[in-house]
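In what follows, a single structure is set out as structure tokens and then discussed.
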Amino acid sequence: MPPKQGRELPSKESALFKAILKLYEHKQYKRGLKQAEQILKKFPEHGETQAMKGLFLSHLNRKEEGYEFVKKGLRNDLMSHTCWHVYGLMHRADKNYDEAIKCYVNALKFDKENMQIIRDLSLLQIQMRNYEGYNETRHTLLSLRPTNKMYWVGLAISYHMLQKYDTALNVLSAFEESLKEQTDNVPDYENSEMLMYKNLVIEESGDYQKALTHLEEIRGKVVDKRGWKEAKARHLLNLGKLAQSEVEYRQLLDQNADCHAYLEGLLKARGLVGDLDGTQLEKAQRLMNELGLKYPRSHIIKRTPLKYVKGEAFHRMLDEYLQPMLRKGVPSLFVSIKDLYTNAEKAKTVEEVVLGYKNSLKANASFSGKAADGAEEPPTAYLWVLYFLAQHYDYKRETKKALECIDEALAHTPTLVELLMTKARILKHGGDSEAAMKTMNKAREIDLQDRFINSKCTKYMLRNDKMEDAEKTITLFTRSESADPLADLTDMQCMWFALECAKSHVRKGEVGRALKRLHQIEQHFCDIYDDQFDFHSYSLRKMTLRAYIDLLRVEDRLRGHPFFYEAATIAVRTYIALYDKPKHAGSGGAGGAEGLSEADRKKAERKARKAALKKSGESAAATETSGTAAANAKVDKDVDGTKFLDANYLDEAEKFARNLLTMSGDRVEAHILGAQVYTRKHKYLLALKSVKRAYALLSKPSASNASPQFAADLHVAAIEFWNAVNAAKEQKAAPVPAPTKGQETAQYPTQSPPLHPTVVTLLDEEIAALFKVATPAAFNTEFSKNAVSSPESALAAAQSGAPITILDSHCSDVKRMSLQTAISIHKGLSSSPIADRTRADKFRDAARTAFPTATYFK
Amino acid sequence: MTTTDPQPDVEAKNSMQAKYFRKALNDLTPNNVGQLKALNEVIFTEKQSDDFYKDAVKSEEFAKLALFNDICVGGITTTKETVEGSDKTKVVITTLGVLNAYRRMGLGAMLLDHIITQSEEAKDKAISEIHVNLQTKDEGVLAFFKGRGFAAKGSSGALVRLINAPVSA
């Protein structure tokens, strides 16, 4: 390698090279490329020019060539900061941030004070949440440019993120000092925001007294008056200065009487949160009464007391709350009432009261008794009462009564879209997805310009596996000018659509397509995370510091979002199913295709292929006709997502599972899936960790872990784990046989590598402590004794080897099951390992009577 | 576009009436024609063809929906024909209906009055009469039309109201 020689160009070329750098800054890539080639004609081995040429090429859509030249340039001049910088830029453009950081660090070795490179490095470090490195880089920046306020604030943020609050505060104070020397030319807003940021840092350090004192000091300089006041109320509350805090919250409520946070703050200041006793209840009620008189237009003040009051008082307040709403016609009324239904007594009162309205309105056009002359209620009041009742019965899954109510309402006024939508919903809950879809489509036809209904209708079509209809419907509202309307939805990161498509594909056994959709959702989340990049510099420049800190925290929790959670759980299940039943290994399809017979599945596959062919033909035709714009657009060559079927299933599953475990670690389901994946990967310690965590979570009551299905699933996963460990211990001496079958070569070995003796000891100890019995079979026997509590658990026990008779008592009590449970019980009875035809048929007959509308049992 | 009743509602005695008994007319558009269809299926026994609704959407001011508290509860549709032996046009009311629960509140009158006003204000005074062929012998319905200047004409059984001519009783 020629090291330094050849770096220096003759003066003419040197000037040309400088011009090239300018051209890059001005984004004149074509001219830059030409001039770079001009230099290379004379000095073909000049590394920096080669690197620049590569950079230009990659910006001109010739990325591979670009990388080639950048690497060549780097080889020719390993000591050049320019070459490393360019290589870093290439990686950064590809969002390969870790690699980019390495390149920047190398570049800095050769040019220690290059501001551009240091700044870029700091951005990459915060993007990767490398706070230590970020802190170091920020130090360098500040020492190089101590007059720039951005660098002061940046350093403070780096200490803040490292939770070194004192140092962060010192940095901010030192900066304030330096400001005082200058003339006051900092804009008010930026100064104010910096002070409020400082206050936030003090607050997070936990020193509320200091925060409060500081807040008072900066009062005159803060322009965000409301933010200031909210902070004051919060600090006072945290300090336990309740009376003062109450004053602040009352003033805040005066500004906005419909703000939940203010009302909650006030209640906290009065000590009226959590489980209230008799006198507290009375106090809370009096307070709400007083506020109600003061702010008659506030909705939350009317709504909140319904949580506290009971009995006769509840009846009276409910009356006062419901009547105006029904008179006015508030479609969301039931939604704001239904959280009271956790209290069965209140649910009953609501039913009685609204049924009373129905009868009274029908007889006298009044909510109660005979209406005074001229004070009759409008006919719509009766309509909204029926609408409410339909939702009420639907909530209780009394499908028949719900349908009666909604049908009466529809006969009364067939043009109200909400009625049809609710009817569709009732039908869906009743298990008739086809009728639900048709009803939702009727609703859509009544109001063609409503995007919400259009989307709902699309969703119902997807639930009913009518992919083509769904695509046609959703495209009515996508951008008309784009060549492929469905690609527009991807661009818009429309996740519900992708998710419903994926679920439908899973049901139809189109696993590749499903995985494609699920990975698309994962990609959206990557993109959202990447999108924060620009804010690392923007927020410092604009001093929007508090919002910036919020953003960092949101991004950190991004994959905890329900859309990601759902997509990831489906993806893990699908990959596990693929792994357990490789495509070429004979019987049945993978994933959700279990309901289909072999012939059906083949037919479905054929149909899907045909449709895909037709579709690609259409889009090809479109490309030909619609000129250059469409020609440039990427044509999807893998509509069926076959590339996902060739991937390593367990590796892919693990990627999703890892995100679930870190971001949704408080959910049992995440750990069950984690255990399943790690068991199959022969990572038994990680599997053990998930199993243990899952049992711990199940023992604590929480809404997201309440489903009895989880206990059943965990039991199955635990036994599977234990059996796998036992099998792995057997493997100890035997050499691992090479995988034979075609599919398996790409996949993980089905047999475990021998375990380390320490691991075996540890697993033995932990398993003994966790399961408390000697064998998986004994564990199942123990479990089946308790399994009488839920049909799901009984099924899981039976599937794990307990006698089928333990299910019998549940099967004869199908009326008390939810439709979902009934379906999974029937599926369990009719498939292996139980496959008890007689019991399955008997159960189906019983279920048919219990769920008359459900198509599954027909 | 929603247009409120141009004439002050004399029956709106108090604010409750004005607030909770809101009445208005709405244009018939391709997007909401489904509502008219849903209405007519409940109000009339006879089912109209798809072409009927396609034409109705094109009638501009001569087809309207009636709203009660922002819910569509009634509608009127008409067609235009040439009067025999004249260059004038006659408006024929094809459907006029209000849902059962919302009758006797002036919505039907609002719809009909709108058509009458529109006919009177038509360009070049091109409209000379409004026809309606009643399918019912209901006395109330008959009185409703007669009260608005309609009268039986000839043997066809149609009720006719002359436009821009002295009303004959």
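- Residues B:Val42 and A:Pro414 share a closest heavy-atom pair of CG2-CG, 3.5 Å.
- Here the closest heavy-atom approach between residue A:Gln449 and residue B:Asn31 is recorded as OE1-ND2, 3.3 Å.
- Counting only distance, with no hydrogens or angles, the side chain of A:Thr415 and the backbone of B:Val73 share no donor-acceptor pair below 3.5 Å.
- When each of A:Arg327, A:Glu445, A:Lys328, A:Lys442 is scored by its heavy-atom pairs under 4.5 Å with chain B, the top score falls to A:Arg327.
- Between chain B and the residues A:Thr413, A:Leu383, A:Asp447, the largest count of heavy-atom pairs under 4.5 Å involves A:Thr413.
- From A:Leu419, atom CG reaches atom CD1 of B:Ile71 across 8.0 Å, with rounding to the nearest 0.5 Å.
- Within the 4.5 angstrom heavy-atom criterion, only backbone atoms of A:Ala411 (N, CA, C, O) approach chain B.
- Only the side chain of B:Asn69 comes within less than 4.5 Å of a heavy atom of chain A; its backbone N, CA, C and O stay farther away.
- Applying the ring pair (Phe, Tyr, Trp, His ring centres under 6.0 Å) rule to pairs touching residues 33-80 of chain B yields B:Phe21-B:Phe68, B:Phe68-B:Tyr102, sequence neighbours excluded.
- A:Pro378 is not listed as a side-chain neighbour of B:Arg22, based on a closest heavy-atom distance of 4.5 Å or more.
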